Chemist: 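Quick one: the structure is below, questions incoming.
Bear in mind that the values here come from a model prediction, so they are computed numbers and not experimental data.
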Amino acid sequence: MADRFDWWREMACQTHIPTVVRSDREQDFRGTLRVLDFGVLQLSAMTHPALRVRRNWKEIRQSDPETYCLTLPSRGTIRFGQSGREAELGPRELMLYDSSRPFHGWISPDGDDHVSHMVMQIPAAVLPLPADRLGRITATRLPGGTGIGALLAGHLGELTRQASHLTAADVARLSPLTIDLLAAFFAHHLQAQERLPPETRRQVLRARVRDFVQRRLGDPGLTADTIAAAHHISTRYLYKLFQDEEMSVARWIRHLRLEHCRRDLADPRLLARPVHAVAARWGFPDAAHFSRLFRAVYGVPPRDYRVQCAETGKHRAENVNDHSIARSAHSQP
């Protein structure tokens, strides 16, 4: 229905920036729009059919929030033009554009009915980089599959997935980190890292370390020394980097490994996997050492914990079945 398209377009323009939006599917339009506020930042997740977008000087004079928008498609293709440049990007690629300058774009599916993408709105005032520098990378395809791009893309994806579980305090902590990651990403492509404040560089380094650790938890050789060497810093500086955290680097790694083991032991789909294999998967090659650590933290040996979880799951299933049977019997004539 055409009014459904009009409603979606109005919502998109209100939550983003005033833009002329058209679609060949206006009479049968089906789309979603989810808007998430992260302090001064706003992240939107959208799905919709093919669209054409345009913003001219007329729309800019009517309303200009002076923001940059970073878009990241997960399905489909985005073709975009601004400031005499044109870019085409697909999944795992990012692109920046400026609300204060005209642009035009086409967003189209690739062998599917719908496109899915995220847009992060960033007030120009919060970025420690001047507009003339940032203007050099607008409407430019920026890689999001490796390095700082992968770190940023993964962070934005997790914000979207975990938004419903975040408290106001979480958002207050995550907003500065997100701004630092964005600034570092842009500075990397502008070769302007020296323009970043020292705290921004430290935040980004901490984020890189966390990502590095998460991806290598299963390596028994993961230690503070190997982490420091991989990031070309001293072990002493690594400890200093995390001195404000609730636990040391070594304790944090152990905590992450134990939590992954605990989740695997509680997973009924992994009952056939031996306890020692679960431990080894997450960086505990010594089964006896793992058992002692697990018991010290969770109060029971890992085998007993698995049995308890299995029994709890069985009782829950039986209760659900009993309730269903009783409800079925009650409905009989």
Side-chain angles (χ1 to χ4, degrees), residues 36 38-45 68-74 78 87 89-97 116-122 126-129 133-134 137-138 140-163 165-166 170-219 222 224 226-233 237-238 240-242 244-245 249 252-253 256 260:
L36 311 168
F38 291 94
V40 297
L41 306 174
Q42 179 178 283
L43 179 60
S44 301
Y68 290 98
C69 297
L70 183 72
T71 186
L72 170 63
S74 57
I78 296 177
L89 62 153
R92 305 298 294 175
E93 294 177 318
L94 302 104
M95 185 197 65
L96 184 71
Y97 58 97
S116 298
H117 61 112
M118 293 185 291
V119 178
M120 172 65 84
Q121 289 181 254
I122 316 143
V126 307
L127 293 172
L129 296 164
R133 299 290 291 272
L134 285 167
I137 57 171
T138 55
T140 300
R141 185 173 57 192
L142 305 171
T146 58
I148 185 69
L151 186 61
L152 176 60
H155 177 72
L156 297 181
E158 280 302 305
L159 287 181
T160 304
R161 286 186 287 273
Q162 303 300 329
H165 304 291
L166 298 176
D170 294 331
V171 170
R173 287 189 290 266
L174 286 168
S175 183
L177 170 61
T178 305
I179 292 171
D180 288 336
L181 285 174
L182 289 163
F185 176 68
F186 299 143
H188 170 79
H189 288 286
L190 289 168
Q191 297 183 342
Q193 288 89 339
E194 75 284 350
R195 299 294 297 262
L196 299 177
E199 182 54 31
T200 293
R201 292 197 290 269
R202 284 192 292 270
Q203 284 274 34
V204 172
L205 181 55
R206 279 193 287 264
R208 281 177 163 163
V209 168
R210 291 189 184 98
D211 180 66
F212 180 86
V213 169
Q214 291 279 6
R215 288 186 287 109
R216 290 168 176 78
L217 274 179
D219 179 5
L222 182 69
T226 58
I227 295 169
H231 292 84
H232 310 292
I233 58 176
Y237 184 71
L238 176 68
K240 183 179 179 181
L241 197 65
F242 284 85
D244 295 331
E245 303 291 325
V249 174
W252 174 57
I253 293 172
L256 289 176
H260 278 80

Chemist: Taking the side chain as every heavy atom from C-beta outward, state whether I253 and I227 have any pair of such atoms under 4.5 Å apart.
Modeler: yes
Chemist: Run the numbers on L205 and R201 for side-chain contact (heavy atoms from CB on, under 4.5 Å), then give the verdict.
Modeler: CA-CA 6 Å; L205 181 55; R201 292 197 290 269; over 6 Å; no
Chemist: State whether the side chain of T140 and the backbone N or O of T138 hold a donor-acceptor pair below 3.5 Å, judged by distance alone.
Modeler: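 Yes.
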Chemist: Has the side chain of R206 got a donor or acceptor atom that lies under 3.5 Å from a matching backbone atom of F242?
Modeler: no
Chemist: Looking at every non-hydrogen atom in both residues, tell me the closest pair between L41 and S175 and how far apart they are.
Modeler: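 So the minimum-distance heavy-atom pair works out to CD1-O, 4.1 Å.
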Chemist: If you define the side chain from C-beta out and look only at heavy atoms, does anything of F185 sit under 4.5 Å from V204?
Modeler: no
Chemist: I need the I137 CD1 to L190 CG distance, nearest 0.5 Å.
Modeler: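 Result: 4.0 Å between the selected atoms.
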Chemist: So how far is it from R133 CZ to L127 CG, rounded to the nearest 0.5 Å?
Modeler: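 Separation between the atoms: 13.5 Å.
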Chemist: Just do the side-chain contact (heavy atoms from CB on, under 4.5 Å) check on L152 and F186 with the steps written out, would you?
Modeler: CA-CA 11 Å; L152 176 60; F186 299 143; 5.7 Å; no
Chemist: Does a sphere of radius 6.0 Å around CZ in R141 hold more than 12 heavy atoms from other residues, nucleotides or ligands, not counting ones at 6.0 Å or beyond?
Modeler: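 Open: at most 12 neighbouring heavy atoms sit under 6.0 Å from CZ of R141.
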Chemist: So which heavy atom on A183 is nearest to which on T200, and how close?
Modeler: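 Closest pair (atom of A183, atom of T200, distance): CB-CG2, 4.4 Å.
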Chemist: At what distance, to the nearest 0.5 angstrom, does CZ of R202 lie from OH of Y237?
Modeler: 5.5 Å
Chemist: Walk me through whether L70 and L156 qualify under side-chain contact (heavy atoms from CB on, under 4.5 Å).
Modeler: CA-CA 11 Å; L70 183 72; L156 297 181; 4.3 Å; yes
Chemist: Does H260 reach the main-chain N or O of L256 with its side chain, forming a donor-acceptor pair under 3.5 Å?
Modeler: yes
Chemist: Looking only at heavy atoms, what is the nearest atom pair of T160 and A45, with distance?
Modeler: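 For T160 versus A45, the nearest heavy atoms are CG2-CB, 4.1 Å.
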Chemist: Do I179 and V40 come close enough that some side-chain heavy atom pair is under 4.5 Å?
Modeler: yes
Chemist: Do the side chain of T71 and the main chain of M95 share a donor and acceptor less than 3.5 angstrom apart?
Modeler: no
Chemist: Of all the heavy-atom pairs spanning Y68 and L134, show the shortest one and how long it is.
Modeler: CE1-CD1, 3.7 Å
Chemist: Compare all side-chain heavy atoms of L174 with those of H155 and state whether any distance is below 4.5 angstrom.
Modeler: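 Of all side-chain heavy-atom pairs linking H155 with L174, at least one is under 4.5 Å.
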Chemist: Please find the pair of heavy atoms, one from M118 and one from G157, that lie closest to each other, and give the distance.
Modeler: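 Closest pair (atom of M118, atom of G157, distance): CE-N, 4.0 Å.
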Chemist: Between Q214 (side chain) and D211 (backbone), is there a donor-acceptor pair under 3.5 Å?
Modeler: no
Chemist: To the nearest 0.5 Å, what is the distance between CG (L151) and OG1 (T146)?
Modeler: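 Going from CG on L151 over to OG1 on T146, the span is 11.5 Å.
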Chemist: What do you reckon, is CD of Q191 surrounded by more than 12 foreign heavy atoms closer than 6.0 Å?
Modeler: no
Chemist: Which heavy atom in L238 sits nearest to a heavy atom in A224, and how many Å separate them?
Modeler: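 Answer, listing the atom of L238 first, then A224: CD2-O, 3.4 Å.
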Chemist: To the nearest 0.5 Å, what is the distance between CG (L94) and NE2 (H117)?
Modeler: 13.0 Å
Chemist: Under a 4.5 Å cut-off applied to non-hydrogen side-chain atoms, are Q42 and C69 in contact?
Modeler: no
Chemist: Test side-chain contact (heavy atoms from CB on, under 4.5 Å) on T178 and M120; report intermediate values, then the result.
Modeler: CA-CA 10 Å; T178 305; M120 172 65 84; 4.0 Å; yes
